[in-house]
Amino acid sequence: MLLLSTFPKQLFWEIMILGTLNNFLESELLMDNGFNMGVGCVGFVCMSMEHVGYKHLDFPSLKLSVVGGRPFSCGGPQIHRKRLLSARYGIEDMDGSAKRIYEAAIRTPEDHLVVFLAHNGPTGLGSELNDICGKDWVFGGGDHGDPDLAQAITHLKETTTISVPLVVFGHMHKELAHGNGLRKMIAIGIDNIIYLNGAIVPRVKRHTNEQQTVYRRSIDNETSLHASNSYGTKRAFTLVEISNGQVDKISESWVSVVGNETTLEEEHILFKSNGQSSL
């Protein structure tokens, strides 16, 4: 999910794209000859008000548009949930998907920046296991990006003057498989587009002292879980600041939430426009 905000007016918009764990909708959405117009389909239609897959959402006050990639992407050269994509969007292959993403981008207002939001990142960002879309679960790694997203962005840069400062996605977890360390969560392309992976898992953690206290109190009485709520959680956010048409700062922030109180506990700077970067 992408949360846009404008300061100092404190206006917020939530934007989402469906991922691999949202494919439970398929059984509700599809029948042999079309859609099941039951609860599942109603829910999908409601989400489409914010769901950006294969379309664009324009924010005139920010002079910014968000363009969505392919829903249900699982990464790699194969189309995941092809039956659903065919019925819902008419997508049969990668070329058709790339065309739909490109067409959504060129329909944005001429004076807008374009930020891409996808479930998985594009190909071409490295094949090492710790690269931003690298395969960390197989020996030798490999590029697990989406070829259709890469094709659409390349075609857009070749045929238009649309400014694309940022591509945001997730899916590829920061913590690598088999205890191999951490993934690179940011990459800068040769065209100066910043590619940002926000897949921090788990995104919500309980405070350490809460775990200890719950254990002690669970022995003493049955109301311990209610009492433990006061210890709260830590929640991860990846924040991007855009100023004058360019990405100014990207940070990974951990916020403590205890009752109605929130506190910034950690901030890790991933990128700053003055040249400082985690790369």
Side-chain angles (χ1 to χ4, degrees), residues 1-7 11-19 47-73 89 91 94-125 132-133 145-172 185-199 238-251 270-273:
M1 179 182 289
L2 180 67
L3 179 66
L4 290 181
S5 67
T6 177
F7 297 97
L11 300 176
F12 293 90
W13 300 270
E14 292 182 351
I15 308 166
M16 65 173 290
I17 188 161
L18 296 174
M47 284 191 296
S48 70
M49 298 300 292
E50 297 176 347
H51 181 241
V52 75
Y54 289 136
K55 66 180 184 180
H56 62 94
L57 293 178
D58 302 324
F59 301 90
S61 63
L62 302 176
K63 291 193 178 299
L64 182 146
S65 297
V66 177
V67 174
R70 170 168 41 99
F72 309 110
S73 169
Y89 301 103
I91 299 300
M94 285 292 182
D95 288 340
S97 179
K99 182 179 179 182
R100 284 289 295 275
I101 298 169
Y102 172 82
E103 288 175 345
I106 62 175
R107 292 192 180 103
T108 59
E110 291 184 0
D111 59 343
H112 278 208
L113 301 174
V114 165
V115 171
F116 280 94
L117 175 65
H119 183 241
N120 190 59
T123 53
L125 299 178
I132 194 167
C133 291
D146 286 355
D148 51 344
L149 181 58
Q151 183 180 333
I153 294 172
T154 297
H155 190 34
L156 191 70
K157 299 300 289 186
E158 291 174 346
T159 60
T160 75
T161 59
I162 294 174
S163 176
V164 183
L166 182 67
V167 178
V168 182
F169 53 92
H171 186 53
M172 306 296 283
M185 301 299 279
I186 188 171
I188 301 177
I190 57 175
D191 47 12
N192 290 323
I193 296 176
I194 296 177
Y195 297 87
L196 175 63
N197 181 351
T238 303
L239 305 179
V240 180
E241 298 178 16
I242 297 177
S243 178
N244 298 320
Q246 295 183 333
V247 176
D248 186 54
K249 178 183 175 182
I250 301 175
S251 63
L270 304 181
F271 173 85
K272 290 195 73 172
S273 59

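All values below were derived from every heavy atom in this structure, side-chain atoms included, with hydrogens, water molecules and symmetry-related copies excluded.
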To the nearest 0.5 Å, how far apart are [atom1] in [X] and [atom2] in [Y]?
X: Ile193; Y: Ile153; atom1: CD1; atom2: CD1; answer: 5.5 Å
X: Met185; Y: Leu270; atom1: CE; atom2: CG; answer: 8.0 Å
X: Thr159; Y: Ile106; atom1: OG1; atom2: CD1; answer: 7.0 Å
X: Ile242; Y: Asn244; atom1: CD1; atom2: CG; answer: 11.0 Å
X: Ile250; Y: Ile194; atom1: CD1; atom2: CD1; answer: 4.5 Å
X: Leu156; Y: Thr108; atom1: CG; atom2: OG1; answer: 7.5 Å

Going by distance alone, is a donor N or O of one side chain under 3.5 Å from an acceptor N or O of the other, for Asp148 and Ser97?
yes
Take Ile188 and Phe271, measure what side chain to side chain contact (heavy atoms under 4.5 Å, CB included) needs, and give me the verdict at the end.
CA-CA 10 Å; Ile188 301 177; Phe271 173 85; 3.9 Å; yes
Would you please test Asn197 and Tyr195 for side chain to side chain contact (heavy atoms under 4.5 Å, CB included) and show each step?
CA-CA 7 Å; Asn197 181 351; Tyr195 297 87; over 6 Å; no
Checking side chain to side chain contact (heavy atoms under 4.5 Å, CB included) for the pair Ile132/Met172: CA distance, chi angles, key distance, verdict?
CA-CA 7 Å; Ile132 194 167; Met172 306 296 283; over 6 Å; no
Closest contact, heavy atoms only, [X] versus [Y]:
X: Ser273; Y: Val247; answer: CB-O, 3.7 Å
X: Val67; Y: Ala104; answer: CG1-CB, 4.0 Å
X: Asp58; Y: His56; answer: OD1-ND1, 3.0 Å
X: Ser163; Y: Leu113; answer: OG-CD2, 3.5 Å
X: Gly96; Y: Ile91; answer: O-CD1, 3.7 Å
X: Ala98; Y: Gln151; answer: CB-CD, 3.6 Å

Is the CD atom of Gln246 crowded by more than 12 outside heavy atoms at less than 6.0 Å?
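Result for CD/Gln246: open.
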Would you call [X] and [Y] a side-chain contact if the rule is heavy atoms closer than 4.5 Å?
X: Phe169; Y: Cys133; result: yes
X: Ser65; Y: Pro109; result: yes
X: Phe59; Y: Val115; result: no

Under 30°, 30 to 60°, or over 60°: which ring-plane class applies to Tyr54 and Tyr89, parallel, tilted or perpendicular?
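Correct class here is perpendicular.
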Counterpart residues, side chain to side chain donor-acceptor pair (under 3.5 Å), relative to Lys157 (two or more places apart)
none
